Number of protein chains: 2
Amino acid sequence: MSDNHDLILKNLNLKITPKRLAVLNILADELVFVSPEEIWRKMKSRFKNIGLPTVYRILEELCEGGVISKIIHPTRQLYYYYCKNLNHHHHFICMSCRRVEDVNLCAAKEIEKQVAGNLKGKVLSHIIQVNGFCKTCSQKKAPDES
Amino acid sequence: MSDNHDLILKNLNLKITPKRLAVLNILADELVFVSPEEIWRKMKSRFKNIGLPTVYRILEELCEGGVISKIIHPTRQLYYYYCKNLNHHHHFICMSCRRVEDVNLCAAKEIEKQVAGNLKGKVLSHIIQVNGFCKTCSQKKAPDES
DNA sequence: ATTATAAATAGAAATGTTTTCTATTTATAA
DNA sequence: TTATAAATAGAAAACATTTCTATTTATAAT
């Protein structure tokens with residue numbers, strides 16, 4: 001799996017550094033989305049000297065390269081999530097346990113085309129995010145509803 | 001139109017204050033999305049004493065009430081936009097001129113249902129935002145592309 | 001109209017996040 | 001092994017947002 005990450009960095013023309021690999025590994029291992037500060041705290045155990053700006057920079061580079069994805073959170077804080085499926089950047093996020101599930105939105109491309117057609121504009125990107133409670137959490141949260 | 005805004009505030013159980021009406025008027029007049037600070041600057045000409053926290057609070061109340069909508073911007077800054085169509089909170093935003101256009105996404109409800117069904121979770125909300133350049137700006141921006 | 005009351009606000013300050021800057025270190029290609 | 005361009009630490013600045021308290025204001029009841 002690490003070789004995979006080496007390759008990812010190479011493809012992005014980024015040097016293969018221990019810290020970049022660590023960020024990739026942390027995000028790849030997590031099923032949930034995490035904040036820059038959380039990633040930084042995780043890294044401090046392995047790297048005695050690690051600056052928060054470094055984490056921000058690495059996250060930005062990886063996000064730029066499409067390897068990870070930003071989560072839109074009600075609080076404007078940034079959160080990141082490792083993209084398992086590079087073609088589907090649309091997700092369901094559980095507001096309780098933070099789990100992220102890829103959403104197979106076949107409608108996405110169609111929507112984009114439709115919008116581009118109607119508005120005669122140029123579409124750069126689109127975001128589809130569904131917020132809610134995952135199966136487990138919704139059972140815990142609202143045992144009354146159905 | 002001001003009567004309309006009076007009514008909106010009444011329905012939200014918010015007192016009708018000059019500042020709340022001013023925020024509503026500013027957002028209703030703008031075709032583009034604006035930041036809290038920009039709204040604050042506009043208000044300072046009419047209200048000599050107006051605090052930025054007041055603007056934030058009013059925006060939050062209106063957003064809570066569904067009268068305005070938050071824009072997801074690459075920079076984590078908050079932006080707000082007046083909802084002309086209360087039922088369609090999905091939009092196309094022009095990254096150049098900030099114009100916001102409602103997007104008639106009939107797929108939205110279907111997507112939400114699909115996601116809820118597949119994941120067996122509970123959907124609270126969803127966001128569909130298409131980023132790009134509007135017709136005018138895309139003509140200015142990339143005269144080379146078709 | 002007047003008054004009582006709860007809501008709204010100003011202003012200051014705190015908080016928290018993200019970015020910028022410079023000197024030092026490190027990965028990589030020659 | 002070395003040169004060099006990229007990556008990083010650490011401090012500090014910049015910026016956005018929230019919290020707090022005293023004061024003011026809108027509204028409902030007199």
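Order of the sequence lines fixes the chain letters, A, B, ..., with proteins taken first and strands second; residue numbering starts at 1 for each chain. The model shown is predicted, which means the values in this text are computed figures rather than measured ones.
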For A:Lys42, salt bridge (charged side-chain N to carboxylate O under 4.0 Å, His left out) partners two or more places apart: A:Glu30
Would you name the heavy atoms of [X] and [Y] that are closest together and state the gap between them?
X        : Y        : value
B:Lys120 : A:Ser138 : O-OG, 4.2 Å
A:Cys94  : A:Phe133 : SG-CA, 3.7 Å
A:Cys97  : A:Cys137 : CB-SG, 3.6 Å
A:Phe33  : A:Ile93  : CE2-CB, 4.0 Å
B:Leu24  : B:Ile8   : CD1-CG2, 4.5 Å

Tell me the interatomic distance from [X], atom [atom1], to [N], atom [atom2], rounded to whole angstroms.
X       : N      : atom1 : atom2 : result
B:Leu12 : D:dA26 : CG    : C1'   : 16 Å
A:Glu60 : C:dT18 : CD    : C1'   : 11 Å
A:Tyr56 : D:dA11 : OH    : P     : 18 Å
B:Glu38 : D:dC15 : CD    : C1'   : 14 Å
A:Glu61 : D:dT8  : CD    : P     : 7 Å
A:Leu59 : C:dT17 : CG    : P     : 14 Å
A:Trp40 : D:dT8  : CH2   : C1'   : 15 Å
B:Ile58 : D:dT25 : CD1   : P     : 14 Å

At 10 degrees resolution, what angle do the end axes of the helix from C:dA1-D:dT30 to C:dA30-D:dT1 form when each is taken over five base pairs? 40°
Is there a side-chain polar atom (N or O) of B:Arg57 under 4.0 Å from OP1 or OP2 of C:dT9? yes
A:Ile39 and side chain to side chain contact (heavy atoms under 4.5 Å, CB included): which single residue from A:Val23, A:Ile50, A:Leu52, A:Ile58 fits? A:Val23
Show your reasoning for whether side chain to side chain contact (heavy atoms under 4.5 Å, CB included) applies to A:Gln139 and B:Lys122. CA-CA 9 Å; A:Gln139 282 167 349; B:Lys122 184 171 180 174; over 6 Å; no
Partner set under side-chain contact (heavy atoms from CB on, under 4.5 Å) for B:Glu38, not counting sequence neighbours: B:Val34, B:Ser35, B:Arg41, B:Tyr79, B:Arg98
Could you check whether any side-chain heavy atom of B:Val123 comes within less than 4.5 Å of a side-chain heavy atom of A:Phe92, counting everything from C-beta outward? yes
Among residues 45-54 of chain A, which residues get a heavy atom nearer than 4.0 Å to DNA chain D? A:Asn49, A:Ile50, A:Gly51, A:Pro53, A:Thr54
Can you list every salt bridge (Lys or Arg N to Asp or Glu O under 4.0 Å) pair that touches residues 10-21 of chain B, not counting sequence neighbours? B:Arg20-B:Glu61
Within residues 13-20 of chain B, residues whose heavy atoms come under 4.0 Å of DNA chain C: B:Leu14, B:Lys15, B:Thr17, B:Lys19, B:Arg20
